[in-house]
Amino acid sequence: MTKLAHWIIRYRLPLLIVAVLLTIFFTDQLTKLRIDSDILNYLPQNDPVVRLFREVGDKYGGSSLAVVALETEDVFNASTLARINSLTTRFQDLPEISQVTSLTDVLDIRRIPEGIEVGKLISPGSIPQTPRKLAALREYALSKEMYRGNIVAADGRTVLLIARVRDGVDKTEVATKMREIVESVPGEETVYYGGIPFQMLFLTDIIIRDLARLIPLVALLLAVVLYFSFHRLRGVLLPLGAVLISTIWTLGLMRWIGLELTIVTASIPVLLLAIGSAYGIHLLSTYMEIERSDGDKLDRIRQSIAAIGIPIILTGVTTMVGFLAFLFSYLTMTREFGVFASLGVFLAMALSMVLIPAVLSYLPPRKPQADAKVQRSDWVTRTMDVIADLVLAHEKLIVFGGVLIVAASLVAIPQLKREVNMKDYFKPDSEIRRAEEMMEASFGGAIPIEILVNGDIKDPLVLKEMFRFQKYLRTIPGLTHPQSVANLIAELNEQMFGRRTIPDTREGVANLWFFIEGNEVMEQLVADNDTQAVIQAKIGTVNTATVIAAVDSIDHYLATAAPPQLLWLELDTLPTPVRAEVERQRTADVARVIVFDAEHHGVEGLDADEVLHVLRAAGSASDQRLTTQQAETVSRAVADYFGSDAADLPIDSDSVVDDVVAGLEPLFADSLPGEIIIGTVLRHRIPRSVYADDPEAIEYAAPALRGIVRECRRTAFVDGLTDSLIRMASHIPGATVQAFRTDIQGDMWTLVEDHAGVASESISSAALSRLAADDSMATTQQTGMPIIFKRLDRSVLRSQAMSLIAAFAVLFILLAVRFRSFIGGLISLTPVAATILCNFIVMVVLGIPLDVVTVLIGSVAVGIGVDYTIHFLARFQKEFRGEKSERDALRVTLETTGKAIIINASAVALGFLVLVLGDIVPMQRFGFLIAVTMVISALGAITLLPALVLLTRARFVGEFDRVARRLNHRLDNLRTSTRRRP
Amino acid sequence: MSVRSQSVVLAVLVLVAVTQTAGAMAPMDILQAVEDTLNAPADREVHLSMTLVDDQGDMRTRELSILQKGEDKRLIRFLSPADVRGVGFLVLEDDLMYIYMPAFGKVRRIASHVKNENFMGTDFTYDDMAQTDYVKNYTPTLKEETAGRYVLELVPNEKSEIDYSRLVMWVDKATMLPDRIEFYDRPGLLLKVMTQTDVRRIDGYLTPHHIEMEDVQDKHKTIMDLEDVVHDQSIPDQQFTQRYLKRF
């Protein structure tokens, strides 16, 4: 240390010059430091989960959604729609945005008389203007599940414009541009901004605002504390200067190596001001103590360095260890924080030891004052004496108190909440929180959740599985609006043919697919030449536990209920026993999906077994006997056919039509007639003159009629079952009756199809061996923000455990070596361990969750808090090894070091409390909790620590038995001498 | 004189006029001449292969036949790939449009105002496919004239339901066929470029055999190669009915 002191003094001028130059350089760097608030960048980029998320985002036009919401009395008015239209087109012009979905640009699949319309809900050029048209649009838009609660709130008061932001672009910049566009298109509506890009924009603003406000505040606070401590200008400027310079270097260095500030590293300036000033204070106070003695100024500086150097380095190193423990964290931003916070501490320590002496050497020595030392804070000393008495009298009680803390923490820790959601970073009354809450209440949240499906997407089996899975997704609490190509195909099928299901043939799928092929919505849903698809859903931002439960139930379904291999069977070709087995399996699958639908629509009283029983009891569509009413429906359909433009055999005469229908009726009441017999009836009943100019007409008409009859019979079967199930339900919410009916009709249509898809493992191998069936394979994978949240959540726990273990392990070694005692290492860590447990108890009691920032508290508290233990034990050891009794040693230690510890801890706590004034919620919590832990660890150091030492009579502090031993020794001597005396 | 020979005469007259008085034509006359050239045959049956190229460079090819009579009767039939074989579109006057889906054995009407939507995954809108009513829908101005071409700018008439802000059309003076058309979207940005090349004279009519439509915004391209072109077979009107749409 003396050598170092000499070296510093010898090279003080070049050291100062280098420091000034570096400070200029780093200040320049610092001004270029940018803020990165992209949560994705905080994650390790080589994590497969993160990589998949990015890949999917890239392939499907971006995985983050920027959402603008407009709120007004009724959004279906011409001016609001015009504003939506104008915003939509202007957002679309931004190159960073791949797609915008809004009322004026959204796919619409709509039934028209005898046909279908696949287009936009509102064509850009034709916004309805009249009240009547607007009311019709409102009614239509709110009636469809595709829009209601998805882009327009069910009450029609709020609409969303959802922009998909491409990956790899600056999201805050996009959000800024979007906000500018919104502000440039005036309107009456209240505007909300939601989604991750806007959250990032707000976060960046808040970080900058917090930095600008909090740094001067902490600096001022520190200056006041320093002034009251030293009563001199240099006492304020030197420690403050050293710590400010170290902050500039640290942040400048971050910029220099190409890093950006994150919400965690943004706390480094305040952190360094609060804890980094201690080194300068210790050095300066030592110098000022020595200053009063005689001698050369430089010599006194050298003496100060030599005297206080080791303790400064030791406490600095322990604090650095606390920060470096974050190297075990999963999050990149936390690791960066660990490295740069500890670098900052190192610089604060090093610069205090180099710059302060160097500057002091050029300052005139203090003029001798008349007995400068003022006797202050006597009450503190008196309090310390009371504590000393307390510890001496009740050491067992205090240790018992420690045991109580451990016990309480065992109860508390399992109740510790975790929160990794970005929403939580903002204050409850902030704009972004209000937007998120509105989004959650009216639209079920804005976090996209995605499931990737790899396979032949045009395969009806794959689509059917996807559709079934989406129905399951709708039953997961908090999860809404699952969307994929499967439900678009089902929607087309419904609007075109009245059944909301996936067709059972590849051709059927392809025919419908044709309608939406090339539509921009497909770019978000299908990729890689139709070999990959994505199922998207949204989840509310309620809380991490719900999000994780959703992720887990999705994974559970994918692992257990999604068959890896499916068989495609044409039922008519199967041997009867196999067919029976396949149909049984199919019925069970349908029953399961019906229960999903019931759950989604809030239908009660339909349990899986009963549904299955009803389905099994119904038998098969091909042997059903039509009721009179059903038969009439078929007759009408047949009659309509002859009158339609598409009829292969048009008949003008009603009497001929009636005659043909009468001839066919007996054929279709009990079963499905064949083409030949239908042809015979037609030839028999229709005069040849009707089809004279088109002799092939009958050949075309017979299969067409058979198709009509088959469909009517199937519809009758499905409708009959639907009615039974609806009667069976004990409660169906009024608003969902129709939607529920449509859904289960679609489910049950599967029962009448000619083909069946069943999981290959569900059929006995004996039956399998006789089949030559096509099989389909599809693999599924979950991705999206929720799975990232789950990852974060796990990592928060793991990081907490790992960083604490690492910090304790390293500190234990350091302390055990310092006190040359295993027990000494253990005892000196006990107060900080108790502090950490108290911290968890405080978090549980106040409902503060463990998040990406509060997870840091443990190790930081250990790193800083252990300093108090070191100071205390060092002093106690010194006093006790002298001739003092433990009582006197404790009293002296508490009056001197104990007092210093309390003052130091209060100052640091005060510094951290400033963070509470900031706007970033996790930082507020961080500041508050660190302040609390500082006070607790200081109290622990002056109460629990001595109590433990006294109770265990640990020998590393000195020999407790020396009085007794001395007595014994004397007694021995006496005995020996008496024995010698014969 | 039959409709057919009238058209032939007209086309010849136009050609003569073009070669003799190049540069003196009014923009509307040029456009009319283009439309007349395009609509010259009484009917036309075309087999073509259509290749869709997406932004990843992935290609998919389908074959189809188009049966056209006059300006407002068209039947488009997909022949491959297998899963859409037989899918047919019938487009009649007054924007009546029907689709036949063989997998369901049914004909369904398609709403008329999808005209501005892309046709079945291609880069052509239903309207682009028709390509016959420039004179009715646009007002042309002559932007430029070179030795071999007219460059027309077409702005949609107010009453038309055209979704483009304007077209720029390069007309080859020798054929009076557009060999390049640029389509600009509503905000005025270039949206698509169509090129028509490999013009051959079949049955006396000039017919481009290679047509490309590139969506420059989505980086997506549709290429049509005409394989088999037959004109003036006197296709009966009956072929353009829902009933025949189903017969495949």
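Only this structure's heavy atoms are used, side chains among them; waters, hydrogens and symmetry mates stay out. To find a chain, count down the sequence lines: A is the first, B the second, and so on, and within it residues start at 1. Here the structure is a predicted model, which is why all the values come from computation and not from measurement.
- Between B:Val84 and A:Trp513 there is no side-chain heavy-atom pair separated by less than 4.5 Å.
- Heavy atoms from other residues, nucleotides or ligands lying under 6.0 Å from CG of A:Asp652 number 12 at most.
- For a residue to count as touching a neighbouring chain, one of its non-hydrogen atoms must lie under 4.5 Å from one of that chain's; by this rule B:Gln217 does not touch chain A.
- Atom OG1 of A:Thr505 and atom CG of B:Asp83 lie 9.5 Å apart (nearest 0.5 Å).
- Proximity to chain A (any heavy atom under 4.5 Å) is restricted, for B:Asp218, to the side chain, taken from C-beta onward.
- Both the backbone and the side chain of A:Ala646 come within less than 4.5 Å of a heavy atom in chain B.
- In this structure, chain A has a heavy atom under 4.5 Å from the side chain of B:Ile99, while its backbone stays farther away.
- In terms of heavy-atom pairs under 4.5 angstrom with chain B, the leader among A:Pro703, A:Ala697, A:Pro503, A:Pro650 is A:Pro650.
- If you measure heavy-atom distances from A:Pro113 to chain B, the contacts under 4.5 Å come from both the backbone and the side chain.
- For a residue to count as touching a neighbouring chain, one of its non-hydrogen atoms must lie under 4.5 Å from one of that chain's; by this rule B:Pro81 does not touch chain A.
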**Prompt:** Which is it for B:Arg108 and A:Phe515 under the side chain to side chain contact (heavy atoms under 4.5 Å, CB included) test, yes or no, and what are the steps along the way?
**Reply:** CA-CA 12 Å; B:Arg108 285 286 182 265; A:Phe515 274 89; over 6 Å; no
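- Taking the side chain as every heavy atom from C-beta outward, B:Arg243 and A:Asp694 approach each other to under 4.5 Å.
- Neither the backbone nor the side chain of B:Arg85 comes within contact range of chain A; no heavy atom of the residue lies under 4.5 Å from a heavy atom of that chain.
- A salt bridge does not link A:Asp645 with B:Arg109: every distance from a Lys NZ or Arg NE/NH1/NH2 to an Asp or Glu carboxylate oxygen is 4.0 Å or more.
- No part of A:Asp108 comes within reach of chain B, as not one of its non-hydrogen atoms sits under 4.5 angstrom from that chain.
- One finds the CG atom of A:Asn529 at 10.5 Å from the CE atom of B:Met59 (value rounded to the nearest 0.5 Å).
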**Asked** For A:Glu711 and B:Lys106, what are the C-alpha separation, side-chain angles and deciding distance, and is it a side chain to side chain contact (heavy atoms under 4.5 Å, CB included)?
**Response** CA-CA 12 Å; A:Glu711 189 160 326; B:Lys106 281 182 187 161; 2.8 Å; yes
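- B:Val87 and A:Asn511 make their closest contact through CG2-ND2, 3.4 Å (heavy atoms, listed as atom of the first residue, atom of the second, distance).
- Contact tally against chain B (heavy-atom pairs below 4.5 Å) for A:Gln92, A:Lys458, A:Glu114: the top residue is A:Glu114.
- Ring pair B:Phe89/A:Phe514 is tilted by interplanar angle, where 30° to 60° counts as tilted.
- For B:Tyr100, no part lies near chain A; criterion is any non-hydrogen pair under 4.5 Å.
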**Request:** Apply the test side chain to side chain contact (heavy atoms under 4.5 Å, CB included) to residues A:Glu523 and B:His220: give CA-CA distance (whole Å), side-chain angles for both, the deciding distance (0.1 Å), then the verdict.
**Result:** CA-CA 12 Å; A:Glu523 290 165 23; B:His220 193 279; over 6 Å; no
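- For a residue to count as touching a neighbouring chain, one of its non-hydrogen atoms must lie under 4.5 Å from one of that chain's; by this rule A:Asn493 touches chain B with the side chain only.
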